[in-house]
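Notes follow the structure.
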Amino acid sequence: MSITFNLNKIKSELPKEVTLVAVSKTKPNEAILEAYNAGHRVFGENKVQELAQKYDDLPKDIEWHLIGHLQTNKVKYIAPFVSLIHTVDSFKLLKEINKQALKNNRVINCLLQVKIAEEENKFGLSKTDAEALINNTEVAELKNIKIVGLMGMSTNTLDEIQVSNEFSLLHIIYSEFRIQNSEFRILSMGMSGDYKLALEQGSNMIRVGSTIFGERSYN
Ligand SMILES: *Cc1c(COP(=O)(O)O)cnc(C)c1O
């Protein structure tokens with residue numbers, strides 16, 4: 001099936017308040033342009049260098065999201081253009097994003113990545129640490145970043161009950177934070193294998209790669 005077909009099929013099944021981030025990591029510019037020409041504008045990449053290169057090469061009305069782990073020393077490469085960073089997991093990183101956003105005279109929207117999976121290797125803050133970060137008075141002084149929601153990844157398992165429970169937990173945390181924070185509006189959860197479960201648990205932003213672009217091959 002073509003990229004256009006896959007994209008339109010997913011979009012036709014999504015509630016209209018849900019944003020689809022087309023995850024184009026490892027895929028060539030031609031693949032992105034096919035989705036672009038089908039009307040899609042929101043794309044996600046997980047590596048800073050690849051993201052910056054694709055930004056240079058491709059139409060400037062694309063809304064680029066960083067969905068992979070971000071090191072402080074690389075923030076400067078994406079600060080001029082990135083529209084949402086999904087993976088904020090420390091105050092240090094937030095401060096650097098603020099600094100680079102200020103240099104570019106921008107306000108950069110950020111999500112806090114919360115660890116909901118049981119695997120050891122998944123990045124993210126605990127609920128307590130996310131809470132501490134949101135309530136940190138120094139964060140309120142950072143005028144060039146805005147924390148607009150949460151992102152999470154479920155455990156890579158076929159156990160749908162476990163996956164649903166993890167998404168449900170993130171939705172509960174999101175709902176609690178939302179009460180005190182009027183800027184909070186994005187709950188980024190769900191990928192190709194689990195976005196339907198994520199939507200059932202209240203996700204309003206899904207990050208889908210292989211179902212749109214086909215399997216990735218890493219060399
Ligand atoms: C790669 C990736 C996705 C998309 O994965 P698919 O299974 O191809 O849909 C979503 N979120 C993050 C953080 C990713 O790294």
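In each ligand, atom 1 is the first atom listed, and ligand 1 is the first ligand listed.
Contact check on K92 versus E96 returns no salt bridge, with no Lys/Arg side-chain nitrogen under 4.0 Å from an Asp/Glu carboxylate oxygen.
Close approach to R207 involves these atoms of ligand 1, each under 4.0 Å from a residue heavy atom: 4 (C), 9 (O), 10 (C), 11 (N), 12 (C), 13 (C). Short contacts between ligand 1 and S192, defined as distances under 4.0 Å to a heavy atom of the residue, involve ligand atoms 6 (P), 7 (O), 8 (O), 9 (O). Close approach of ligand 1 to G209 is summarised as follows: ligand atoms under 4.0 Å from at least one heavy atom of the residue are 4 (C), 6 (P), 8 (O), 9 (O). Per-residue contacts place V208 under 4.0 angstrom from the following atoms of ligand 1 (heavy atoms of the residue considered): 9 (O).
In this structure, T211 and I10 approach most closely via the heavy-atom pair CG2-CD1, 3.7 Å.
Heavy-atom proximity to atom 8 (O) of ligand 1, evaluated over R216, M191, H86, is greatest for R216.
A donor-acceptor pair under 3.5 Å is formed between the side chain of K54 and the backbone N or O of S24.
For ligand 1, the polar-atom distance check finds no N/O of T211 at less than 3.5 Å from any of the ligand's N/O atoms.
In summary, of the residues considered (V23, L7, L20), a side-chain contact (heavy atoms from CB on, under 4.5 Å) with V208 occurs for L20 alone.
Ring geometry for F123 versus H69: interplanar angle under 30°, hence parallel rather than tilted (30 to 60°).
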